[in-house]
Number of protein chains: 2
Amino acid sequence: MERTEQGVRLTLGEVRELASDTLSRHGLRADHVDAVVETIVAGERDRCASHGVYRLTNCVHTLKSGKVKPDADPRITPAAAAIVRVDADGGFAQRAFQIGAPLLVEKARANGIAALAINHCVHFAALWPEIEALTAQGLVAIACTPSHAWVAPAGGRKPLFGTNPIAFGWPRPDRDPFVFDFATSAVARGEIELHRRAGKAIPKGWTIDADGNATTDPEVGLAGALLTFGGHKGSALSAMIELIAGPLIGDLTSAESLAHDDGALASPYGGELVIAIDPAGFLGDAAAAHIARAEALFDGIEGQGARLPSTRRFAARRETPRDGVLIPTELYDALLAL
Amino acid sequence: MERTEQGVRLTLGEVRELASDTLSRHGLRADHVDAVVETIVAGERDRCASHGVYRLTNCVHTLKSGKVKPDADPRITPAAAAIVRVDADGGFAQRAFQIGAPLLVEKARANGIAALAINHCVHFAALWPEIEALTAQGLVAIACTPSHAWVAPAGGRKPLFGTNPIAFGWPRPDRDPFVFDFATSAVARGEIELHRRAGKAIPKGWTIDADGNATTDPEVGLAGALLTFGGHKGSALSAMIELIAGPLIGDLTSAESLAHDDGALASPYGGELVIAIDPAGFLGDAAAAHIARAEALFDGIEGQGARLPSTRRFAARRETPRDGVLIPTELYDALLAL
């Protein structure tokens with residue numbers, strides 16, 4: 001740990017210790033601490049600051065508000081041959097994923113495709129750590145989850161959808177996987193919050209006011225509704241995520257999650273859907289050759305100067321084990337004071 | 001059939017006859033004719049003119065250019081327990097889907113989730129007829145397919161992706177299903193072509209010129225590249241479709257499809273991926289109650305004046321069996337002359 005003008009420099013080991021101490025101090029059971037800390041450290045390691053130690057304030061708030069069960073006992077519940085269901089028992093999603101993932105991998109390999117539903121979980125993290133756990137096994141993976149109802153459907157004006165992230169991963173031999181993970185809202189809610197604090201206007205297309213009119217005032221936008229990305233197409237995708245990671249798996253929509261929150265401002269509560277596909281299920285022994293063929297697509301993207309998603313994360317991942325990470329001093333002190 | 005000032009009025013039966021005669025006359029075998037005609041009639045029935053008899057010109061061109069096998073024998077090939085593979089043998093996708101769909105439904109019901117890969121097929125149609133065949137069985141469905149490389153990745157300037165449609169369906173008890181089906185390009189290529197013919201400028205955001213600059217000139221845009229919808233997020237989704245309906249199933253990317261076309265201007269050739277999910281696989285006997293719970297989401301959308309996707313199609317579907325459809329006179333005469 002080194003305090004500098006730019007902020008507090010920590011090794012990844014110190015990040016792990018900070019996250020672990022903070023969560024343990026607030027009563028989270030050790031197995032959950034370990035699972036949650038993995039995603040926090042991964043966020044810092046990849047210089048994805050919005051999913052690093054910054055999230056600890058939210059985790060602690062959710063713990064304090066009683067909206068997450070600190071000693072939840074996630075368990076696998078009965079489901080069909082290519083389905084895994086994990087009842088998270090009201091705990092953070094991370095531990096439930098750890099418990100369900102090996103069976104998901106097994107079922108994907110046995111059947112070619114399989115789906116994991118995590119039910120009754122609290123969700124605060126990015127989806128890419130889970131996606132990458134599956135691409136590391138040579139599987140193609142898709143994950144999505146509703147959140148809280150902050151986003152209006154295209155053509156509407158009232159919050160109904162969550163920011164509803166969708167993530168995808170594709171294994172690449174001897175390389176970082178192809179991974180994307182994005183909110184189906186035009187922008188993350190935190191981004192608008194940052195503009196509000198800085199007294200800066202937001203671009204048109206991010207939010208609408210309570211009457212459904214475009215606004216560049218972050219305060220007005222937060223009191224109104226976020227918009228989806230990509231107009232009616234993004235809105236349709238967001239509805240799909242509500243459905244397949246909500247009622248399809250017997251869990252809450254974003255509106256139901258916000259009602260459950262009941263003003264606590266805790267992290268969203270509900271379900272998550274993960275689909276895993278084994279290329280060998282389609283292609284048998286020819287799978288490796290076809291997976292390798294996808295490299296021409298990636299070459300076609302990068303060869304014209306466009307970037308693959310997650311490139312910056314993967315680059316940071318090579319640097320931070322050596323260089324450590326820089327945490328804003330204010331945030332670091334706030335975390336110690338929690 | 002009635003010629004009017006507005007165009008030629010046909011009953012749906014006459015549409016069926018027109019499509020059937022046209023395709024048969026150009027050598028398409030009867031089983032394929034029947035399958036393809038179903039989708040053409042469905043397009044006209046839903047007043048989705050871009051996927052109605054208009055497509056016959058394209059089908060006939062593809063037949064004449066030798067880029068589709070008129071007497072293809074699609075067959076189911078070996079795959080994993082929750083996977084169905086149909087080798088379309090170079091024929092239109094419709095007949096292959098007919099052959100694979102019953103086994104897809106069976107495998108989805110047996111395993112909770114299943115996937116159908118159609119390989120070596122020629123694709124010219126919307127995906128919603130296939131989606132609706134699955135929602136009619138009470139299944140949730142997702143389908144996607146690459147096309148020809150006409151679309152640049154976000155941050156790039158050269159065509160690499162297809163217009164890559166993705167479609168989704170959700171069964172609703174005693175109602176039309178929730179269905180969307182859209183291109184991941186900003187707009188359909190035909191829309192730009194229509195502007196070109198009319199000598200009209202196109203909006204910014206649809207295309208770029210060969211140097212990657214925005215253009216409102218349809219001619220310049222067609223010679224450059226289409227853009228994806230929704231910036232880098234739409235671009236990421238388009239890449240996902242290239243991968244999961246391409247190499248994952250052992251089939252072509254959009255760039256490979258265009259190379260295969262070799263200037264013939266025929267319909268895209270390659271694969272299609274369809275995922276079917278049985279809610280009972282997650283929820284057993286509780287499935288119906290949870291599926292019904294999704295109605296609150298649809299009420300939340302429509303209750304604020306926003307529209308569900310496909311609403312216009314379903315409305316047309318109630319009218320056209322009685323009122324028939326109106327085909328532009330020029331198109332009708334061109335079809336007769338084919």
Side-chain angles (χ1 to χ4, degrees), chain A residues 78-83 85 110-115 117 140 152-158 160 168 170 178 180 182 229-234 236 239-240 242-244 246-250 253 255 275 277-284 286 290-291 293-294 296-297 300-301 304-307 309, chain B residues 78-83 85 110-115 117 140 152-158 160 168 170 178 180 182 229-234 236 239-240 242-244 246-250 253 255 275 277-284 286 290-291 293-294 296-297 300-301 304-307 309:
Chain A
I83 305 291
R85 280 190 93 190
N111 300 294
I113 186 169
V140 174
R157 60 199 165 80
K158 288 187 211 162
L160 180 70
F168 171 76
W170 175 272
F178 174 87
F180 66 75
F182 60 75
F229 92 101
H232 73 276
K233 294 181 181 181
M240 176 185 83
E242 291 287 333
L243 293 167
I244 65 176
L248 174 65
I249 61 171
T253 61
I275 296 173
I277 310 178
D278 181 3
F282 292 99
L283 300 171
H290 283 287
I291 289 285
R293 221 162 41 78
L297 185 78
I301 294 172
Q304 60 178 289
R307 217 170 25 201
Chain B
I83 305 291
R85 281 189 92 191
N111 299 294
I113 186 168
V140 174
R157 60 199 166 79
K158 287 188 212 160
L160 180 71
F168 171 76
W170 175 271
F178 174 87
F180 66 74
F182 59 76
F229 91 101
H232 73 276
K233 295 182 180 181
M240 177 185 83
E242 291 287 332
L243 293 167
I244 65 176
L248 174 65
I249 62 172
T253 61
I275 296 174
I277 310 179
D278 181 3
F282 292 99
L283 300 170
H290 283 287
I291 288 286
R293 220 161 43 76
L297 184 79
I301 295 171
Q304 61 178 289
R307 218 172 22 205

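Lettering follows sequence order; numbering is per chain, from 1.
Partners of B/R293 according to the side-chain hydrogen bond (donor to acceptor under 3.5 Å, both in side chains) rule, which considers only residues two or more places apart in sequence or in another chain, are A/E256, B/H290. Taking B/F229 as the reference, A/F229, B/F182 meet the ring-ring contact (aromatic ring centres under 6.0 Å, His included) condition, with sequence neighbours excluded.
Comparing B/A306, B/G155, B/P247 by how many heavy-atom pairs each has under 4.5 Å with chain A, the most go to B/P247. Contact count versus chain A (heavy atoms, under 4.5 Å) is highest, among B/H232, B/R157, B/R85, for B/R85. For the set B/I275, B/T253, B/I291, B/I249, the count of heavy-atom pairs under 4.5 angstrom toward chain A peaks at B/I249. Contact tally against chain A (heavy-atom pairs below 4.5 Å) for B/A255, B/G250, B/G230: the top residue is B/G250. Note on A/A236, A/P309, A/G112: by heavy-atom pairs under 4.5 Å with chain B, the leading option is A/A236.
Proximity to chain B (any heavy atom under 4.5 Å) is shown, for A/A280, by neither the backbone nor the side chain. At a 4.5 Å heavy-atom cutoff, the contact between B/A110 and chain A is made by backbone atoms alone. At a 4.5 Å heavy-atom cutoff, the contact between B/A294 and chain A is made by backbone and side-chain atoms alike. Contacts between B/A154 and chain A at a heavy-atom distance below 4.5 Å involve the backbone alone (N, CA, C, O).
Across every non-hydrogen atom of B/K158 and A/Q304, the tightest pair is N-OE1, 2.6 Å. Closest of all the heavy-atom pairs between B/N111 and A/A81 is OD1-CB, 3.5 Å. Across all non-hydrogen atoms, the minimal contact from B/I244 to A/W170 is N-CZ3, 4.5 Å.
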Next on the checklist: Could you walk me through whether A/I277 and B/L248 satisfy the side chain to side chain contact (heavy atoms under 4.5 Å, CB included) test, starting with their C-alpha distance in whole Å, then the side-chain angles of each, then the deciding distance to 0.1 Å, before giving a yes or no?
Outcome noted: CA-CA 9 Å; A/I277 310 178; B/L248 174 65; 4.0 Å; yes

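Rounded to the nearest 0.5 Å, atoms CE (A/M240) and CZ (B/F178) are 9.5 Å apart.
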